[in-house]
Novice: 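Pasting a structure below so you can have a look.
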Amino acid sequence: MSVEGIWDLSISTPIGRIKAVAEFRRRDGVLTGTARGEGEEVPLAEVVLDGDRLTWKQAVTRPMRLNLTFDLRVDGDALSGTSKAGRLPASKVTGERRAA
């Protein structure tokens, strides 16, 4: 299974829906990525693909400073799962891979 490519994400948060773009690449066998949204671009940390489960961590400063943990399932060109920020309730995440 591959997650390389550009993904359009939608995150349903308590303050509304946030659109973001995640890009995943494999360099020397290591999965890396970046996310763009709310006017900032941030690196993804601890990106792991285990079977169909994709997890990563990232820090954002907009709309507020948060450390996020993503836990998603990959189904072909679709992603679904949750994003969690500390003690806040988990937010539903969906995503779709852009055509190459």
Side-chain angles (χ1 to χ4, degrees):
M1 175 169 300
S2 166
V3 295
E4 285 91 331
I6 298 173
W7 296 79
D8 291 307
L9 304 180
S10 179
I11 307 163
S12 298
T13 75
I15 60 170
R17 187 175 302 275
I18 294 175
K19 298 282 188 188
V21 176
E23 183 172 0
F24 297 97
R25 308 176 273 301
R26 195 171 290 278
R27 288 203 180 118
D28 300 322
V30 176
L31 198 56
T32 64
T34 56
R36 292 186 306 279
E38 297 290 316
E40 69 179 334
E41 182 171 321
V42 297
L44 306 182
E46 300 175 39
V47 182
V48 176
L49 180 63
D50 183 8
D52 68 348
R53 184 175 180 216
L54 176 65
T55 58
W56 76 84
K57 295 180 180 179
Q58 73 183 76
V60 296
T61 60
R62 295 180 191 160
M64 60 184 71
R65 187 175 300 277
L66 295 171
N67 291 313
L68 303 173
T69 302
F70 285 78
D71 189 344
L72 306 170
R73 296 276 175 212
V74 182
D75 183 10
D77 291 330
L79 294 174
S80 63
T82 60
S83 168
K84 188 125 174 56
R87 297 187 305 269
L88 297 174
S91 296
K92 183 179 176 192
V93 179
T94 57
E96 192 173 284
R97 187 184 341 227
R98 289 184 186 173

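Residue numbers run from 1 in the order of the sequence given.
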Novice: Treating Ile, Leu, Val, Met, Phe, Trp and Tyr as nodes and any side-chain heavy-atom pair under 4.5 angstrom as an edge, say whether I11 and V21 lie in one connected cluster.
Specialist: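 They do not share one cluster, since no chain of ILVMFWY contacts under 4.5 Å joins I11 to V21.
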Novice: If the threshold is 4.0 Å, N to carboxylate O, is there a salt bridge linking D71 and R53?
Specialist: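 Answer for the salt bridge query: yes.
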Novice: Quick one: are S83 and Q58 in side-chain contact, heavy atoms under 4.5 Å?
Specialist: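 S83 does not reach Q58 side chain to side chain.
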Novice: Is there a continuous path of hydrophobic side-chain contacts, each under 4.5 Å between heavy atoms, that joins L9 to L88?
Specialist: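 Linked, L9 and L88 end up in one cluster.
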Novice: If we only count heavy atoms from C-beta on, is the T82 to V93 side-chain gap below 4.5 Å?
Specialist: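 No, every pair of side-chain atoms sits at 4.5 Å or beyond.
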Novice: Identify the heavy atoms of A59 and V42 that sit nearest to each other, and give their distance.
Specialist: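 Minimum heavy-atom contact is O-CG1, 3.3 Å.
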Novice: Please report the C-alpha distance between D8 and R98 in whole Å, then the side-chain angles of each, then the deciding distance to 0.1 Å, and finally whether the salt bridge (Lys or Arg N to Asp or Glu O under 4.0 Å) criterion is met.
Specialist: CA-CA 7 Å; D8 291 307; R98 289 184 186 173; 2.9 Å; yes
Novice: Does any part of the side chain of V3, heavy atoms only, come nearer than 4.5 Å to the side chain of L31, both counted from C-beta?
Specialist: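 Yes, close enough: below the 4.5 Å cut-off.
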Novice: In terms of relative ring orientation, are W56 and F70 parallel, tilted or perpendicular, with 30° and 60° separating the classes?
Specialist: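 Judged by the thresholds at 30° and 60°, the geometry between W56 and F70 is parallel.
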Novice: Can you tell me how far CD of E96 sits from OG of S10, rounded to the nearest 0.5 angstrom?
Specialist: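 Here the rounded value is 11.0 Å.
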Novice: How about L68 and V60: do any of their side-chain heavy atoms sit closer than 4.5 Å?
Specialist: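 Yes, their side chains come closer than 4.5 Å.
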Novice: Measure the OG1-CG distance between T94 and L72 for me, rounded to the nearest 0.5 Å.
Specialist: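 T94 atom OG1 to L72 atom CG measures 9.5 Å (nearest 0.5 Å).
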Novice: Just how far is it from atom OG1 of T34 to atom CD of E23, taken to the nearest 0.5 Å?
Specialist: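 Going from the OG1 atom of T34 to the CD atom of E23 covers 5.0 Å.
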Novice: If you take all heavy atoms of S91 and T13, which pair is closest and at what distance?
Specialist: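 What the structure gives for the nearest pair is OG-CA, 3.6 Å.
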Novice: Are L79 and W7 packed together at the side-chain level, in the sense that at least one heavy-atom pair is separated by less than 4.5 angstrom?
Specialist: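 They are in contact (side-chain heavy atoms under 4.5 Å apart), so the answer is yes.
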Novice: If you count heavy atoms of other groups shown closer than 6.0 angstrom to CD of E41, is the number above 12?
Specialist: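 Yes, the 6.0 Å shell around CD holds more than 12 heavy atoms from other groups.
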Novice: S12 and R17: side-chain donor and acceptor closer than 3.5 Å?
Specialist: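 Yes, a side-chain donor-acceptor pair sits under 3.5 Å.
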Novice: Taking C-beta and beyond as the side chain, do F24 and L49 meet within less than 4.5 Å on heavy atoms?
Specialist: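 Side chain of F24 against side chain of L49, heavy atoms only: no contact under 4.5 Å found.
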Novice: Is E38 close to K19 at the side-chain level, that is, under 4.5 Å between some pair of heavy atoms?
Specialist: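 No, side chains not in contact.
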Novice: Is the side chain of E40 donor-acceptor paired with the backbone N or O of T61 at a distance under 3.5 Å, no angle test?
Specialist: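 Judged by distance alone, yes, a pair lies under 3.5 Å.
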Novice: Salt bridge check, E4 against R25: does any charged N sit closer than 4.0 Å to a carboxylate O?
Specialist: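 Looking at R25 and E4, the cut-off is not met.
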Novice: Given 3.5 Å as the limit, does a donor-acceptor pair link the side chain of K84 with the main chain of G86, or not?
Specialist: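 Yes; judged by distance alone, with no hydrogens or angles, the pair exists.
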